[in-house]
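Quick caveat: nothing in here was measured; it's all calculated off a predicted structure.
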Amino acid sequence: MLDIAMFRENADMIRADHDRRGISHDSIDEIIRLDEEWRKAQYDTDQIRRERNSAAKGIAEAKKSGDISRAEEILSEVADLGERIAELGAMADECLRKRDELRMRVPNILHPDVPVGEDDQKNTLHSLHGSKSEFEFEARNHNELIEMNGWVDQSRGAKVAGSRFYFMQGDLARMEMALQQFSADFLIKRGYTLVQPPLMMNRDAYEGVTDLSDFETVMYGIEPDNYYLIATSEHPLTAMRMDEIIEPNELPVKLVGVSQCFRREVGAHGLSDRGIWRVHQFTKIEQIVVCHPEESWNHHEELLENAVDLWDSLGLHYRVVNICTGDMGTVAAKKYDLEAWLPGAGSYKEVVSCSNCTDYQANRLRMRYRTKEGNEAVHTLNSTAVATSRALVAIMEQNQLEDGRVSVPEVLRPYMGGQEILEKLSSLQ
RNA sequence: GCAGACGUCGCUUAGCCUGGUAUAGCGCCGGAUUUGAAAUCCGGUGUCCUAGUGACUCGGGAGUUCAAAUCUCUCCGUCUGCGCCA
């Protein structure tokens, strides 16, 4: 959510941003109109309250001096004030509610470096890492590999839960855990604090961190308790300090979250999504930074560097792209994606997303830090380190052997008792 | 789940019974003093607006009242004990 001061003092900046995104200005003008209306109604209400307060004071004084008739006289004069306050106040509240309902939907102001474009085709190449592996055989896609090795049981997942649920088993499950531990350790060494968050959040906290439309398309709701299963540990970790004033010496807060992530994936279909690429449940290791506003762009680069170093250490080939205006979403001001090369699929696909959300989430979460001038919104950033399901797909496709087995990235072997090759599930042999 | 206690400004705390508009300490900021620092003293320290002799703010919401931190209801959370439990 953008600071209301920006609508009052710098609306042209928001309009210019909407132009870059190619969306209408209408809501900006409506927000400004509602804001003016609210300020007027709020002022009028304050004036009547003021009247009421001074009358109340008069009554208190009259009673104190024993002048009961004087007290009753004042009382009769102000008898209807309560009703007027209630009426005007309700009008003011309604304006404010409408204003902020619209304001919640206005996207963040984009960084100038964000390329302009309609969709992901216009994302620009930032850097290329590693190179395509040469196979002397026809590379399989990951879905074929998990089927022939019995590493993922999709049909029984569908039976006991639903489509896009799965049982991961055998050596692949073992490597999944190794990936979690390796990635967490990698970031702990760089000064990040490991956090295991709640996997459910309440509505109020959740509205602070995400696009409102996600409630319809992404998050699972838990009835009758009104909780939402988290779509990523970014959400609880960022909301962790909502409604707090943070002492400047506590910044930057650097966290590495590990959690299961739950996503409805409404509307996502297609043959290319078979297997574990796009599923309702997966594990993700996530980086989070909460920092001074003037330091967030440095931290954004640092998060990218961490992700790049981590993926380099896994020995994988991928590229980094700078996400364009049309592919950006509501919350981030700038976003890099890492796209891993999938030889079986023959394309680069998204495995990491690295965002600077500036003060957008902090404004919604009322998350501020103390300065000499007053309390100011902090900046929040997040980046995937590893989403294990997708990293496993990249490892399987890039490290596959002719017989369908998969070699384990060297850095993961110590976490797997030295195991070098993922073997077929023994019950299949 | 049951019973009891509790939730006050960044932190700690007084006020609640008996309604009259939040007390003190710590921390932080500014000033005085000092060669400098410490100590001491003075002032400030949340949110909103049309910036005032202004409004709001005591876990959230609602109610009673001219007036609610204070009384009532309700929800949330914390602690203690009991119960259940990986």
Side-chain angles (χ1 to χ4, degrees), chain A residues 1-9 31-101 103 196-208 221-228 236 239-253 260 290-292 359 362-378:
Chain A
M1 185 167 66
L2 301 179
D3 192 333
I4 191 63
M6 194 178 282
F7 290 87
R8 291 174 189 163
E9 295 155 19
I31 288 164
I32 292 170
R33 190 189 67 76
L34 284 165
D35 182 51
E36 283 166 359
E37 208 173 305
W38 167 70
R39 284 155 79 175
K40 176 77 172 67
Q42 187 64 40
Y43 180 79
D44 292 346
T45 312
D46 281 358
Q47 294 315 303
I48 305 173
R49 282 210 178 100
R50 179 184 189 172
E51 218 176 298
R52 182 189 66 182
N53 288 346
S54 79
K57 213 169 274 179
I59 291 170
E61 275 164 23
K63 281 192 175 175
K64 211 174 189 177
S65 62
D67 191 347
I68 301 299
S69 62
R70 174 65 188 147
E72 281 173 357
E73 187 185 332
I74 299 172
L75 205 152
S76 67
E77 282 169 13
V78 300
D80 68 324
L81 287 187
E83 213 165 299
R84 288 171 60 201
I85 289 169
E87 265 173 47
L88 258 175
M91 192 191 296
D93 289 350
E94 183 63 6
C95 289
L96 192 66
R97 192 190 61 76
K98 282 188 193 161
R99 183 196 81 179
D100 286 341
E101 191 177 289
R103 188 158 66 110
Q196 295 181 351
L199 301 183
M200 300 178 203
M201 290 171 67
N202 62 48
R203 177 96 192 189
D204 186 39
Y206 225 134
E207 282 185 352
I222 305 289
E223 299 292 346
D225 301 290
N226 294 117
Y227 292 132
Y228 293 86
M240 204 170 163
R241 289 169 176 269
M242 71 183 282
D243 285 318
E244 290 187 26
I245 293 168
I246 303 172
E247 298 297 336
N249 61 18
E250 291 182 72
L251 298 175
V253 177
Q260 297 290 120
V290 178
C291 68
H292 287 103
D359 61 0
N363 281 329
R364 287 192 184 184
L365 292 167
R366 301 165 296 277
M367 200 157 76
R368 298 164 298 167
Y369 75 105
R370 202 186 296 284
T371 77
K372 287 179 189 176
E373 290 75 32
N375 300 326
E376 280 181 33
V378 294

> Out of B:rC66, B:rA55, B:rG77, which nucleotide sits closest to the side chain of A:Tyr227?
Replying inline: B:rG77

> B:rA22 pairs with which nucleotide, Watson-Crick or G-U wobble, both distances below 3.5 Å?
Replying inline: none

>> For the C1' atoms, the ones on B:rG77 and on B:rG61, what distance do you get once it is rounded to whole angstrom?
In response: 15 Å

>> Roughly how many Å apart are B:rU21 and B:rC56, using the P atom of each and rounding to a whole number?
In response: 13 Å

> Can you tell me the Watson-Crick or wobble partner of B:rG15, both distances under 3.5 angstrom?
Replying inline: B:rU8

> Any side-chain N or O of A:Arg370 less than 4.0 Å from the OP1 or OP2 oxygen of B:rG27?
Replying inline: no

> What is the pairing partner of B:rG83, taking Watson-Crick or G-U wobble pairs with both distances under 3.5 Å in any strand?
Replying inline: none

> Hey, does A:Asn375 reach any base, or is it just sugar-phosphate, or nothing, if we go heavy atoms under 4.0 Å?
Replying inline: sugar-phosphate

> Atom CG of A:Asp93 and atom C1' of B:rC48: how far apart are they, to the nearest Å?
Replying inline: 13 Å

> Atom CG of A:Leu96 to atom C1' of B:rC49: distance rounded to whole Å?
Replying inline: 12 Å

> If you measure from the P atom in B:rC29 to the same atom in B:rU74, how many Å do you get, rounded?
Replying inline: 46 Å

>> What's the gap between B:rG10 and B:rG59 when it is taken at their P atoms, as a whole Å value?
In response: 13 Å

> OP1 or OP2 of B:rU50 sitting under 4.0 Å from any side-chain N/O of A:Arg50?
Replying inline: no

> Taking the P atom of each, how far is B:rC17 from B:rC11, in whole Å?
Replying inline: 25 Å

>> If you count heavy atoms of other groups shown closer than 6.0 angstrom to CE of A:Met240, is the number above 12?
In response: no

> Quick one: A:Glu247 CD to B:rC26 C1', roughly how many Å, whole number?
Replying inline: 12 Å

> Which part of the nucleic acid, if any, lies within contact of A:Arg368, taking any heavy atom under 4.0 Å across all strands shown: a base, the sugar-phosphate backbone alone, or nothing?
Replying inline: sugar-phosphate

> Once you round it to whole Å, what is the distance between C1' of B:rC49 and CG of A:Asp46?
Replying inline: 7 Å

> Are A:Arg364 and A:Glu207 close enough for a salt bridge, meaning some N to O gap below 4.0 Å?
Replying inline: no

> Are any of the side-chain nitrogens in A:Arg50 or A:Asp46 under 4.0 Å away from the carboxylate oxygens of its partner?
Replying inline: no

> If we call it a pair only when both distances are under 3.5 Å in a Watson-Crick or G-U wobble match, what pairs with B:rC41?
Replying inline: B:rG31

> With a 4.0 Å cut-off, would you call A:Glu36 and A:Arg39 a salt bridge?
Replying inline: no

> For A:Ile85 and B:rU65, what is the distance between atoms CD1 and C1' respectively, to the nearest whole Å?
Replying inline: 13 Å

> Does any nucleotide pair with B:rU70 by Watson-Crick or G-U wobble geometry, both distances under 3.5 Å, and what is it?
Replying inline: none

>> Can you confirm whether more than 12 heavy atoms, excluding those of A:Gln196, are under 6.0 Å from its CD atom?
In response: no

>> Salt bridge or not between A:Lys98 and A:Glu37? Use side-chain N to carboxylate O under 4.0 Å.
In response: no

> So which nucleotide does B:rC58 pair with, by the Watson-Crick or G-U wobble rule with both distances under 3.5 Å?
Replying inline: none

> Touch check for A:Ile59, heavy atoms < 4.0 angstrom, all strands: base, sugar-phosphate only, or nothing?
Replying inline: base

> Can you check side-chain contact (heavy atoms from CB on, under 4.5 Å) on A:Arg368 and A:Glu376, steps first, answer last?
Replying inline: CA-CA 5 Å; A:Arg368 298 164 298 167; A:Glu376 280 181 33; 5.9 Å; no

> With a non-hydrogen cut-off below 4.0 angstrom, is A:Lys63 in contact with a base, only sugar-phosphate, or nothing?
Replying inline: base

> Mapping A:Gln47 and A:Lys57 to their closest nucleotides on RNA chain B, which lands nearer the 5' end?
Replying inline: A:Lys57

> Atom OH of A:Tyr369 and atom P of B:rG27: how far apart are they, to the nearest Å?
Replying inline: 23 Å

>> Using whole Å, what does the distance between atom C1' of nucleotide B:rU47 and atom CD of A:Glu376 come to?
In response: 15 Å

> Start at the 5' end of RNA chain B and walk down; is the nucleotide closest to A:Gly374 or to A:Val78 reached first?
Replying inline: A:Gly374

> How many Å lie between CD1 on A:Ile245 and P on B:rG46, as a whole number?
Replying inline: 9 Å

> Considering only the C1' atoms, how many Å lie between B:rA62 and B:rC76, rounded to the nearest integer?
Replying inline: 14 Å

> Any side-chain N or O of A:Asn53 under 4.0 Å from OP1/OP2 of B:rG54?
Replying inline: no

